[in-house]
Protein chains: 2
Amino acid sequence: MQASSPPTPAGCDGACATCDLHERDAFLPLSDAERDAIAVFRSGSREVAAGRLIIEEHRRSPNLYTLYSGWAFRFKTLSDGRRQILNFLLPGDFMGLQDEFAEGTTYGVEAATDCTLCVFPRDRLWDFFNRQPKLGYAITWLAANEEKAVDDNLVTAGRRAAAERVAMVLLHLYRRAERVGLAADGRVPFFPFQQQHIADAVGLSLVHTNKTLRKLQRLGLHRLEGNVLEILEPHALEQLGDYFERPQRPTPLI
Amino acid sequence: MQASSPPTPAGCDGACATCDLHERDAFLPLSDAERDAIAVFRSGSREVAAGRLIIEEHRRSPNLYTLYSGWAFRFKTLSDGRRQILNFLLPGDFMGLQDEFAEGTTYGVEAATDCTLCVFPRDRLWDFFNRQPKLGYAITWLAANEEKAVDDNLVTAGRRAAAERVAMVLLHLYRRAERVGLAADGRVPFFPFQQQHIADAVGLSLVHTNKTLRKLQRLGLHRLEGNVLEILEPHALEQLGDYFERPQRPTPLI
DNA sequence: CGACCCTTTGAGGGCCGTCAAAGGGGGTGG
DNA sequence: CCACCCCCTTTGACGGCCCTCAAAGGGTCG
């Protein structure tokens, strides 16, 4: 099941001016001056292997990151080991802001697949805002957008029944993936999450998550086998999860 | 029980230069130029009675707000009426950012007590960022800080047992109130929430929330009667809720 | 005094968690 | 090339936490 892996993404050559992520229509176009400012802000890139931590819980990260390729997730753990996934990270997502303004990091970020990251030193953030208010505005946009995702997950964990939770998270992950070209035609060809991840995201136990996934699959709503996810009945999943979303407009990319 | 109400706060006279919230040491001091910029951004003030909506769900608000006085909360509802409270709002909190970047508002904000708000027209936000990058940075700070609160609530709803949830939310509300002078010495003299609010915040039913509150009260951890909340054993509540937090540093105030 | 809202308590059941163990695929080492 | 091991998935059994239903208690307001 772990055998298939996505085609290795085009590496980031370190030049933001030729960054191919910016070409995608999921993201807002940038002026040359803005690209230059981002290049100045950026200190380099970093590779993190699947399963390793990008940001450690309870330790202040000296860097902020943009996920350039791969899948990751943000999480918190309680002292007895219970883990809650807060939200998922896909290419273009910005991370590390929350602890800019706190005493210490309060969450961790783990790479679900091999990941490539753009690295931004935390201590250049204010200078970046100052030089390019428009990009500061863009970062605020990204922060607000991430909060919306956490809001949705909170409603899921707090108020949805098991089948509703699973329906919602499958649809959410598919749509996020489709938006950045990691899925198409109802199919995520390299779905990187195990059932434990889904359980940790929606607030169910692993066993009950499995039973619920099987139930929805028997109903023909989706297919999750190996690491291929297929959304067979998007409308039914929407209905079941009470989860309707308009297509997202292009977002900024730092 | 609804009889006692807090002393009416000093009204906002409309001049940010003399705003008394800024004097509190919970907030970062501002330069005169910054206060002026905020005054230009601000279009007026608004009063909302307890129980009324500040921001309506699914409708785009033309304004952003800072809560000047009172208690409020942000929430989402599912189509069958189930409601989840996302986070609580106290004086100094900024609201409305999330839908700046979305198609429509995806959450509502309700006043739990009579509230006074500073009103900021949404369409002046970019100009505000442009003129005062430092205050744009401050808004990002506020957004990131609010996301941290939602993160915590998600862990609560997703992974904590009933008693843990209740312990955590009581402690959280007390600390938030204490920080802005609405509580002291383990006592919140005008606690504005009903058990239904607590239930909606932690993801439990009203009945089970009541039973859990009574259980913790019998154990002597807290007292909640009428609209007075007393935290009797903060250390025990921390331990039970696995919820430890360092005192928060001063935050920006817009 | 009655209506209404919120709180409180009890009864019963179902959803979901925990425990346990088998199945299956891939990787590793012999 | 095969055997073994490990990780993940799957299924069953059982129990308990929490939800729903129901109704009484208490305070406030008209």
Side-chain angles (χ1 to χ4, degrees), chain A residues 1-5 49-51 78 80-84 110 112-113 156-170 190-219 222-229 240, chain B residues 1-5 49-51 78 80-84 112-113 156-167 169-170 190-219 222-229 240:
Chain A
M1 291 207 186
Q2 305 278 27
S4 62
S5 64
L78 294 177
D80 64 359
R82 283 175 285 179
R83 181 172 78 167
Q84 177 67 42
E110 183 178 317
T113 66
T156 296
R159 290 292 162 211
R160 277 187 245 250
E164 300 169 337
R165 299 187 197 196
V166 170
M168 133 102 196
V169 77
L170 291 179
F190 302 103
F191 187 77
F193 298 111
Q194 301 166 0
Q195 296 185 3
Q196 183 70 64
H197 293 115
I198 298 177
D200 287 347
V202 301
L204 294 173
S205 69
L206 171 60
V207 172
H208 201 66
T209 300
N210 173 274
K211 289 175 179 171
T212 307
L213 276 167
R214 290 305 112 231
K215 192 176 82 172
L216 297 192
Q217 182 150 332
R218 269 196 302 276
L219 291 171
H222 76 283
R223 237 162 66 105
L224 178 54
E225 267 160 26
N227 43 20
V228 176
L229 169 65
L240 177 57
Chain B
M1 290 204 189
Q2 305 277 28
S4 61
S5 64
L78 295 177
D80 64 358
R82 284 175 285 179
R83 181 171 79 167
Q84 176 67 42
T113 65
T156 295
R159 291 290 161 211
R160 276 186 247 250
E164 299 169 337
R165 299 188 198 196
V166 170
V169 77
L170 291 179
F190 302 103
F191 187 76
F193 299 110
Q194 301 166 358
Q195 296 185 3
Q196 184 68 65
H197 292 116
I198 298 177
D200 287 347
V202 301
L204 294 173
S205 70
L206 172 60
V207 172
H208 200 66
T209 299
N210 173 273
K211 288 174 180 172
T212 307
L213 276 167
R214 289 305 113 232
K215 192 176 83 175
L216 297 192
Q217 182 150 332
R218 269 197 302 278
L219 291 171
H222 77 284
R223 238 163 66 108
L224 177 54
E225 266 161 27
N227 44 18
V228 177
L229 168 65
L240 176 56

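Owing to the predicted nature of the structure, the values given are computational and were not obtained by experimental measurement.
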Distances under 3.5 Å between protein N/O atoms and the N/O atoms of nucleotides 9-11 of chain C, please, pair by pair.
from: dG10(C); atom 1: N7; to: K211(B); atom 2: NZ; distance (Å): 3.3
from: dA11(C); atom 1: N6; to: K211(B); atom 2: NZ; distance (Å): 3.4

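- Closest of all the heavy-atom pairs between A167(A) and L216(A) is N-CD1, 4.0 Å.
- When D200(A), T209(A), N210(A) are each tested for a side-chain hydrogen bond (donor to acceptor under 3.5 Å, both in side chains) with Q195(A), only one passes: N210(A).
- F193(A) places its CZ atom 16 Å from the C1' atom of dC8(D), with the value rounded to the nearest Å.
- Side chains of R165(A) and H208(A) form no contact here, defined as non-hydrogen atoms less than 4.5 Å apart.
- Taking 4.5 Å as the limit, every side-chain heavy atom of V169(A) sits out of range of all side-chain heavy atoms of T156(A).
- Contact annotation: the side chain of R223(A) never approaches that of V228(A) to less than 4.5 Å [non-hydrogen atoms, C-beta and beyond].
- Summarising the geometry, the separation between CD on E225(B) and C1' on dT8(C) is reported as 13 Å, rounded to the nearest angstrom.
- Qualifying ring pair (Phe, Tyr, Trp, His ring centres under 6.0 Å) partners for F193(B), counting only residues two or more places apart in sequence or in other chains: W71(B), F88(B), F191(B), H197(B).
- Sequence neighbours left out, not one pair with a member in residues 204-215 of chain B passes salt bridge (charged side-chain N to carboxylate O under 4.0 Å, His left out).
- Per the geometry, CG belonging to L206(B) stands 10 Å off P belonging to dT8(C), to the nearest Å.
- Going from atom CZ of F191(A) over to atom P of dT9(D) covers 10 Å, rounded to whole Å.
- L78(A) meets the side-chain contact (heavy atoms from CB on, under 4.5 Å) test with D80(A), R82(A), V155(B), R159(B), R160(B), D242(B); sequence neighbours excluded.
- At distances below 3.5 Å, at least one donor-acceptor pair connects side-chain atoms of Q217(A) with backbone N or O atoms of L224(A).
- Remark: C1' of dT7(C) and CG of L224(B) are 11 Å apart, rounded to the nearest angstrom.
- Rounded to an integer number of Å, the gap from H197(A) NE2 to dT9(D) C1' is 14 Å.
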Close N/O contacts between protein and nucleotides 16-18 of chain D (under 3.5 Å):
from: dC18(D); atom 1: OP1; to: A162(B); atom 2: N; distance (Å): 3.1
from: dC18(D); atom 1: OP2; to: H208(B); atom 2: NE2; distance (Å): 3.3

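- Interatomic distance, L170(A) CG to L240(A) CG, rounded to the nearest 0.5 Å: 10.0 Å.
- Rounded to a whole Å, the CD atom of Q195(A) is 16 Å from the P atom of dC16(C).
- The structure places OG1 of T212(A) at 11.0 Å from CD of E164(A), a figure rounded to the nearest 0.5 Å.
- A close approach under 4.0 Å does occur between a side-chain nitrogen or oxygen of Q194(B) and OP1 or OP2 of dC6(C).
- In this structure, R159(B) places its CZ atom 13 Å from P of dC16(C), rounding to the nearest Å.
- Defining each end axis of the helix from dC1(C)-dG30(D) to dG30(C)-dC1(D) as the rotation carrying four pairs' C1' atoms onto the next four, with five pairs an end, the two axes are found to diverge by 30° to 10 degrees.
- The shortest distance between the side-chain N/O atoms of Q196(B) and the OP1/OP2 oxygens of dC5(C) is not below 4.0 Å.
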